[in-house]
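Since the model is a prediction, treat every value here as computed from it, not as a measurement. In what follows, chains are A, B, ... by sequence order, proteins preceding strands, each numbered from 1. Atoms considered below: every heavy atom in the structure, side chains included; atoms not considered: hydrogens, waters and symmetry mates.
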Amino acid sequence: MQALALRRRFQQPLCALALVACSAFPNVGSAQIVAGADVTYVNRYVWRGVTRTSVPVFQPDVYLAYRHTNSFLTVGGWWSLETRSGEDEISDTGPGVGGLGESNYWVELSTRGGPLDLAVGFARYLFDDDVPGGRDSSWNTSELYATLWWETTALIPKINLWYDIDAIEGAYIETSIDLRVPILPVAYMYLGALAGWSAGQAVRESAPSQPAYFEKDGLTHVDISVWASFRVGSGLSLAPELHVQINEDAATERTRVDDTEGAKVWFEIALSWAHEFGGRR
Amino acid sequence: MRYKVQLATALLVAACGYNEIPLSTPVSEPPVPPGGPLSAGFGRADITPPPGPGLYAYGPEGREARGFRNRLYAKALVLEDVEGERIAFVVADLAVISVALHRSAAQRTLERAGIGADRLVLAATHTHAGPGNFMGVKQYDEHGTSVAGFDTTLVAFLAERIGNAVRQAVDSLRPARVGFAMVPVWGFTRNRSLGAFRSNPDSLKVYEPPADLNLDESQRAVDPTWTMLRVDVFDPGQARFVPAGALSIFAIHGNAIPSVNDLYDADIHAAMQRRLETHVDSLNGGTPSLAPRAVHLVANGAEGDVAPTFPEAGRCPPPKLRLGRRPGGPHTPPPAEEWRPISADRAAACMDASAAYVDSAGPALAERAIAIFGSLAGRLSGDVRIARAFRTVPLRGEGAPSDLCDAPRVGAVTLVGSDGSTTRYYGWKLFGLIPMGFEHGGSSVETKPRGCHAQKRIAFGSLQGLVVGEHGLPEVAQLMIVRVGRLALAVAPAEVTVNAGVMIKKTVLREARAAGVPIDSVAVISLANGDLRYIVTPDEYAVQDYEGASTLYGPQSATVLTREFGDMTALLAAGGQTGAAADVGEVVAYAGKLREVMPGRDAGPPPERIERRFVSLECAGDTAVASWIDIYPGRLVPADGPLLRVERETSRGWEHHLWDDHGSLEVRALEPKGSRGYLWETRWLPGETVPGTYRIVLEARDGFSALRGGPFGACVGEPGGPSGDSL
C-alpha cells in the first residue's frame, strides 16, 4: 500500500509536467533537448536558512529542457530523501522514520542576454499526507519565482524572488554576491555572501495557525559560503559547498529539536550529469 | 605527505603515457655524377587532409579542422650539380616539421629518388592553420592543439605526399641556371618581443632600414632579408632556359589567421607563393591551368620573435572560464565551469580583419618577390656546386653538448602564448593576486636564478619533470648546412630569433672563410627538419619573453647551435662528402597517445550507397552558401583533387571562374547524416567579382559524375547579413 501511495504521489505531478512539456513543444527536434540529473548529499538540509533536517539527506534532481538558442524551458522534479533521524533531530519525515520527506516539481523559463541571466518559474512543493512529528501535506504549496544574475569577470551578483501563491503566501527574497577566486589556471573557487529576507512568509498575527517559514519578516539569515563546480568527466561535474550561516530569525536559529544557535555550519556535495542530445560532431 | 605522494604518483602515471617509436635512418645513396651540368626540378603535392585533426601551434586555442580555404601544399625543388651532389628542398604548408615526419618523408624520398634525411631540407611555412597530431613528441601531440593525440596515419599521409613531390621534382630534373639575391623588404613584419630584442649587444643589431621609411622600433627590429634562389631550366621545345620557379626565405610568422579559424589554410604564404607562380607562368606563356606550372617555395627565416604586421582587430581574445550555461530548477546545483569562446560576431570580425590583412599584405609581398625574381634574370649561372652537411645532435644524455641543460623545461610563459596570440591562461594569478609567471616578462623571470635554466620560471616548478614526463619534449636536433654556389643555408629545427640568426650567420661566414669554403652569404631557414620550439640569444633568454621561456635547453642553446653550425660549415670544405657530413643518427620518437584523428578511408557508407545532391543554395549577406550531401570526410580527402569549382556564365557558355583553392571560398564538413551521407557546405564571398550569373559545380570524383548547382547572381547583401535569402 505504501509503495502504491508513493507511486501515485510521483506519477501525478510527473505526468502533468510531461503533458505541459509535450503540449508546449509539439515539434521539438532532438538537437534541442537537454537532459540532466544530479544528486546532492547534505549533512543537514537547510532551506532558506531554516534547518529542515538535522540529519544527512540525499537529494536527487532530474530535468528535461528544450533549448532555443540561449533560452531553456525546463521541467523537472526534485526529492529530499532523509536518513533515519533520532528523537531530538529535526526532520520532515518525523523522528525515526527517514525516507522521502519532500517532493518539488517545477517548470522554468530561463534566458541569457550578454552577462545577464534571467529565470522565471513555478514550483510546487509536496509533502506526505500523514507525518506524525514531521511536515505534512498542510505545507503543500506553490510559488512563482524569478532569478536575475549578472556575471562579470570577478563578481556574480544575484537576486532571487519567490512569491508563495498558496499555503504560505507572501514573498521571500535572497540577495547574494559571489567572488570568483582563481585557484588554478583551469579552475575557480567562489566565495559567496547571501542574505535572506522574508516579506510576508513569517507568522501572521491575524492567522497564527497558517503555515509560515519564519517568526518575523525582515532579515532571516546571512550565509557565507565557499564553493566550486568543476568537470570530472564527460557530462559529469562535481560541486562541493561549505556554508557558515549567521541566524537572524528564531526559525533559522533552530538547529535541533531543542537547540538554537546563533550560527551554524553545513556542507553539501553534488554530482551532476547533463547531456544535450543530437549536438553536432 | 601522503597527499603529495598520491599527487606525484598520479602525475607520474599521466606523464609516462608515451609511445616509443624508433624512427628510420634513411641515408642518401652516394652521389653519381650525372654527366651533365647543374640540373633542377620542381614538384608539388597537395597535402590538405580531411577534417578532423587539430589546427596546430595555437596550443589549446587551436581548433579542430572542419574544412579548408587555401589548400595546403608541399612544394619541392631538387638541385643536382655536376658531381651528382643532390639536395631536396621541400616547403610544406604546415606549422612545424617534426623529426618523425622528416624521417618518414626521407624514407620515401630515399626509396624513390635516393635522397635520404641528410639531403632533405623539409621546412614549414608555419601556418597556424595546418594539421597537428604528427609530432611524435608527447607534449606537442597532447597540447599543441585542442585535439590531442599522435596519428601515424596522418604522418604517413603527409610523408607519402612529400615523397611524391620530391619524386616529381627528380623526374623533372633538367639542365638549369640559378642565381640568388638577398634584398631587404621592410614594413611587413615587426618584432613582437621588443624588450628581449633590445637586451642584445649592439654588435648583433645589424639590420637598419632607410630613414625615409619612418618605421617604428618594432618594425626596425627584424631581419628584413628576402633571400631568393631563382631557378631557370632548359626547355628543349624552345631550346633556351626559361623561368621555372624559386626558393625564397623570408622571416615572417605564418600566423596572420587567428585562432578562431577552423579551416586549413596556407595563410599569408599562399599569396606569397602563388602570385609569383602565376607571374612566372605568364612569362612562359601557355594556357592557364588549375595549379600553376611554376613553383615558388617560401620558407621562413629567423622569425622567432617576428610577426606579420597584422592589425590588432585581427586577433581574437581567448575564451574565458565561466560557469556553464545549462538548464535546471530551484534546487539544481551550480553548473560546472567551462571555457566560453568569444561570440560568433566577434570571431567573424577577427576573421574579417585578418582576411583583409592577408588579402593586402600577401599580394604586396608577392610583388616584392616578383621584383626580386625579375632582377635575377641576368645573373644566373649553371656553374654552381652543391654541398651539404647533416648532423643529428643528441640534446640530452650521452653525446649531448655539456653546455645544454640536462633536461628540457618550458617556462610558465610558454603556456600563455606569444604577444598577439595569447592563450586562455594569459594573466592568471593565484587567488587573482599573486603573479605566477603567466605573463610576458615581469613575474615570468626567476628573480634568483638557480640551476641550468637560470632565469626561466619553470611552469609547475619542480613538478614539471613529472607533468611533462621523462621523454615529453624533443631530445634531438637535426641540423643541416647547405651550400648552393656562394650561398650557405643554415637549416635550423626551431624558430630562431632575429639576433640568434645573426649569431649563426656570422659564425658560418667566419668558419667558411677559415676553412676555405667559397661562400659569401648566409641565410637561416627556421622550422625545418624538426621542432625544438625557440632559440634565443643568452641576453634574450634572461628577459624571459615567450621565446626565451620556450627555449627548452637553457640559455646556451643558441651558443650550442651556432657552434654546431660552425663545425658543420668546415665539413663543406671537403664538398660535404665525408661520413661526418651525413650523420643520420638513430632517433626514437616518444609520441603522445596514439589516436586516429584523421578519419579513415572507410568512414561512413561507400559512395555507391550515397546520392550526392545539393541541399540548399542561399545568400548569407554578401556570401553565397551552398550545402550538399557527399561521402564522409576520410573517404573524401581534399588532397585527392579538386572538390568543386565556381563557373560564370558568359556569351560562350559556362566558363571556369575559380576552384576550391582560393581565399574567398571555404569548404566545411558540417555534420553526418547517417546512411544518407555527410552534409558539406561551401561559402563563397565573391568580393569584387564582376556581376553576373554563377553556378557551383561539384567535380567528378570518388565514383560520382560532376554535379551542377543552379545558377545564381552574386550575393549583394550587407556583409554578415542575415542568412536564408533564397537564390
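For chain B, the option among A/Trp47, A/Trp227, A/Tyr190 with the highest count of heavy-atom pairs below 4.5 Å is A/Tyr190. Ranked by heavy-atom pairs shorter than 4.5 Å toward chain A, the options B/Ala669, B/Gly329, B/Ser343 are led by B/Gly329. Among the candidates A/Glu143, A/Arg112, A/Glu268, the residue making the largest number of heavy-atom pairs closer than 4.5 Å to chain B is A/Arg112. Between chain A and the residues B/Arg340, B/Lys429, B/Met436, B/Lys320, the most heavy-atom pairs under 4.5 angstrom are made by B/Arg340. Taking A/Arg231, A/Arg180, A/Gln59 one by one and counting their heavy-atom pairs under 4.5 Å with chain B, the maximum is reached by A/Arg180. If you tally non-hydrogen atom pairs under 4.5 Å between each of B/Pro335, B/Ala336, B/Gly324 and chain A, the highest count goes to B/Ala336.
Within the model, atoms OG of A/Ser110 and CZ of B/Arg326 stand 11.5 Å from one another, a figure rounded to the nearest 0.5 Å. Once rounded to the nearest 0.5 Å, the distance linking CH2 of B/Trp428 with CD1 of A/Ile183 reads 8.5 Å. Separation of atoms CZ (B/Arg322) and OG1 (A/Thr153) is listed at 4.5 Å; rounding is to 0.5 Å. Once rounded to the nearest 0.5 Å, the distance linking CH2 of A/Trp106 with OG1 of B/Thr332 reads 4.0 Å.
With a threshold of 4.5 angstrom between heavy atoms, A/Ile156 approaches chain B through side-chain atoms but not through N, CA, C or O. With a threshold of 4.5 angstrom between heavy atoms, A/Asn104 approaches chain B through side-chain atoms but not through N, CA, C or O. Heavy atoms of A/Val186 lying under 4.5 Å from chain B belong to its backbone as well as its side chain. In this structure, chain A has heavy atoms under 4.5 Å from both the backbone and the side chain of B/Phe431. If you measure heavy-atom distances from A/Ala119 to chain B, you find no contacts under 4.5 Å at all. With a 4.5 angstrom heavy-atom cutoff, A/Thr152 touches chain B only via backbone atoms. For a residue to count as touching a neighbouring chain, one of its non-hydrogen atoms must lie under 4.5 Å from one of that chain's; by this rule A/Asp117 does not touch chain B.
Between A/Asp61 and B/Pro333, the shortest heavy-atom distance links the atoms OD2-CD, 4.4 Å. The minimum heavy-atom distance linking A/Glu108 with B/Gly328 is given by the pair OE2-O, 3.2 Å.
The 12-atom threshold is not exceeded at CD of B/Glu596, counting heavy atoms of other residues, nucleotides or ligands nearer than 6.0 Å.
Only one option out of A/Tyr145, A/Trp78, A/Tyr125, A/Tyr105 pairs with B/His331 in a ring-ring contact (aromatic ring centres under 6.0 Å, His included); it is A/Trp78.
With hydrogens and angles ignored, the 3.5 Å screen pairs no side-chain donor or acceptor of A/Ser229 with any backbone N or O of B/Glu337. Listed for the A/Glu151 side chain is a donor-acceptor partner under 3.5 Å among the backbone atoms of B/Leu323.
Contact check for A/Glu241 versus B/Pro334: side-chain heavy atoms found under the 4.5 Å cut-off.
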